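Worksheet: one structure, shown below.
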2 protein chains.
Amino acid sequence: MTSTMSPLPQRGPRAMEIEMAATRLFYEQGYGQVGMRAIAEAVGIKTSSLYNHFVSKEEILYTFVKRINTDFIGRHIDVFDDEGDKPTILHRLIVEHIVYFWEHKYEMQAGMREMRNLSPEHLVEITAIRRTYQDGIGAFIAAGNKQGVFRCATPRLAALALLDMINGIDTWFREDGPLTIEELAEQYAELITFGLLGATRNGDKQ
Amino acid sequence: MTSTMSPLPQRGPRAMEIEMAATRLFYEQGYGQVGMRAIAEAVGIKTSSLYNHFVSKEEILYTFVKRINTDFIGRHIDVFDDEGDKPTILHRLIVEHIVYFWEHKYEMQAGMREMRNLSPEHLVEITAIRRTYQDGIGAFIAAGNKQGVFRCATPRLAALALLDMINGIDTWFREDGPLTIEELAEQYAELITFGLLGATRNGDKQ
DNA sequence: GTCTATAGAACGATAGAC
DNA sequence: GTCTATCGTTCTATAGAC
């Protein structure tokens, strides 16, 4: 499985500022509640100046939603071709996924919640990218079943379940809670690989 | 654990119509994108007439968010006192939760997504209700561990994980897919009780 | 690339007649 | 309980000077 993601058009540093400010506001208040005025104010320019960088509010949303859906996934999609120990590989992917998503929680949360405000064409494009990752995990689990390193009756469902699990973390995790995000990621990876997927521990084949 | 939910104030049938229409619109377009005009039109009255039934748009949101967070949870919170076989009880709860949420997917999805548009006071109230259910499941898993019917290293995390799993279903399940919602619910309940929570199958204690 | 100024529509909510 | 009428605000987006 090889990445075929098309790159975003090159944008200037101002566009990046706008994107980041908008992302934060969308996260806090929701796409529909955030006006172009509020975005401009957060950047320190006037509303009309935004249109020198983006043609519309929807394009701002699309730009950062595309970024978050190509950055992590694009850099990890090849992991499914790895010939190594599948439970170990998936364990590491889950930990990295959880930590990355937390470090980019504004973009990730806002992106997932506000995705439906994309134009139909953009929504199709983003959905296809997400689908690739989801299918990759499902196929990976199925392959692990055949190898006997996973014992999971429903690989496709398990892939959806584990993605919902780990994407849900950002809605309730608190940095001042009992666990760091790295500790939580580790415990979730255990819960998923050995629990949900029934991975056999090393030297524990039965 | 006994229900102490306070009832919603009695409202007329018109208010119920308004609530249902608003729920559907919030689900489709998001709270911030739906105007009072659109809600009124969907019911077939004028905007100003809405204010004979609700004092504000936020009150419409609050009313249905409160309803969905008291209806199912209120009717199932006593299940954690049940003295029967814990894996069986949790299995049944999960199936009922999934099926109920799918049958009320508009309210559930809109309610979960738009909850943050509630006033701070209302948000606190709703969060507390949800927390009660979550804590109930966590304590139930921990109790099952002590009985030896679950083998789960992290009961509190597992409760959060399973709730994110089953609440995520409504975002991707399609009625024209390979499974009915009842079949899916059954498979998820298996995945959770025997996978995630390490329940021992009858006569399989080891 | 930023600004001032503004178009034209939609927003939540209210007053008061019936 | 519904209506007409409207208030004051905010919305996305554009035109045109600098």
Side-chain angles (χ1 to χ4, degrees), chain A residues 8-65 110 113-123, chain B residues 8-65 110 113-123:
Chain A
L8 285 167
Q10 194 64 28
R11 288 183 193 276
R14 220 342 131 45
M16 201 67 201
E17 273 183 82
I18 293 167
E19 196 188 309
M20 287 193 305
T23 301
R24 180 64 180 263
L25 289 166
F26 292 161
Y27 170 79
E28 286 167 356
Q29 296 166 241
Y31 181 80
Q33 311 272 56
V34 174
M36 293 298 260
R37 277 169 182 76
I39 297 170
E41 254 166 52
V43 178
I45 58 175
K46 297 293 172 185
T47 309
S48 57
S49 299
L50 292 174
Y51 292 90
N52 289 316
H53 304 277
F54 295 92
V55 305
S56 68
K57 185 177 161 186
E58 193 268 350
E59 198 190 37
I60 302 178
L61 177 65
Y62 168 67
T63 303
F64 90 76
V65 168
R113 267 198 312 241
E114 308 298 348
M115 205 177 289
R116 74 215 152 89
N117 292 302
L118 290 169
S119 70
E121 302 78 29
H122 285 161
L123 184 58
Chain B
L8 284 168
Q10 193 63 29
R11 290 184 191 274
R14 221 343 131 45
M16 202 67 201
E17 272 183 82
I18 293 167
E19 195 187 311
M20 287 194 306
T23 300
R24 182 64 181 262
L25 288 167
F26 292 162
Y27 170 79
E28 286 166 355
Q29 297 167 239
Y31 180 80
Q33 313 270 58
V34 174
M36 294 297 263
R37 279 166 181 77
I39 298 169
E41 251 167 53
V43 179
I45 58 176
K46 298 294 172 186
T47 308
S48 57
S49 299
L50 292 175
Y51 292 88
N52 289 316
H53 303 278
F54 296 91
V55 304
S56 68
K57 186 175 161 187
E58 193 268 350
E59 198 190 38
I60 302 179
L61 177 65
Y62 169 65
T63 303
F64 91 76
V65 168
R113 269 200 311 243
E114 308 298 349
M115 205 178 288
R116 73 213 152 91
N117 292 302
L118 291 169
S119 69
E121 302 76 31
H122 285 160
L123 184 58

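This structure is a prediction, so every number in the text was calculated from the model and none was measured. Chain letters run A, B, ... following the sequence lines, proteins first, then strands; residues in each count from 1.
Interatomic distance, CE of Met20(B) versus CD1 of Ile60(B), reported as 13.0 Å (0.5 Å rounding). We find the CZ-NZ distance between Arg37(A) and Lys46(A) to be 10.5 Å, quoted to the nearest 0.5 Å. Here the straight-line distance linking atom CD1 of Ile18(B) with atom OG1 of Thr63(B) works out to 10.0 Å at 0.5 Å rounding. Interatomic distance, CE of Met16(A) versus CZ of Phe64(A), reported as 11.0 Å (0.5 Å rounding). One finds the NZ atom of Lys57(B) at 9.0 Å from the OH atom of Tyr51(B) (value rounded to the nearest 0.5 Å). Between the OH atom of Tyr62(B) and the CG atom of Leu123(B) there is a distance of 11.5 Å, given to the nearest 0.5 Å.
A straight line from OH of Tyr51(B) to P of dC7(D) spans 17 Å, rounded to a whole angstrom. The CD atom of Glu59(A) sits 15 Å away from the P atom of dT12(D) (whole-angstrom rounding). Atom CZ of Phe54(B) and atom P of dA13(C) are 13 Å apart (whole Å). Rounded to whole angstrom, the span from the CG atom of Leu61(A) across to the C1' atom of dT12(D) amounts to 15 Å. As rounded to whole Å, 14 Å separates atom C1' of dC11(C) from atom CG of Leu50(B). Atoms CZ (Phe26(B)) and C1' (dG12(C)) sit 12 Å apart, rounded to a whole Å. The separation between His53(A) atom NE2 and dA13(D) atom C1' is 15 Å, rounded to whole Å.
Using a 4.0 Å heavy-atom criterion, one finds that Ser48(A) contacts the bases of the nucleic acid, with or without backbone contacts as well.
For the segment residues 30-47 of chain B, the set of residues with a heavy atom within less than 4.0 Å of an atom of DNA chain C comprises Val34(B), Gly35(B), Met36(B), Arg37(B), in numerical order.
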Problem set entry | Pairing annotation in dot-bracket form, given for DNA chain C with Watson-Crick or G-U pairs under 3.5 Å and | for cross-strand partners | ||||||||||||||||||
Problem set entry | side-chain hydrogen bond (donor to acceptor under 3.5 Å, both in side chains) between Gln29(A) and Asn117(B), intermediate numbers included | CA-CA 8 Å; Gln29(A) 296 166 241; Asn117(B) 292 302; over 6 Å; no
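No donor-acceptor contact under 3.5 angstrom links the side chains of Glu19(A) and His53(A), judged on distance only.
Using a cut-off of 4.0 Å between Lys/Arg side-chain N and Asp/Glu carboxylate O, Arg11(A) and Glu59(A) are scored as salt-bridged.
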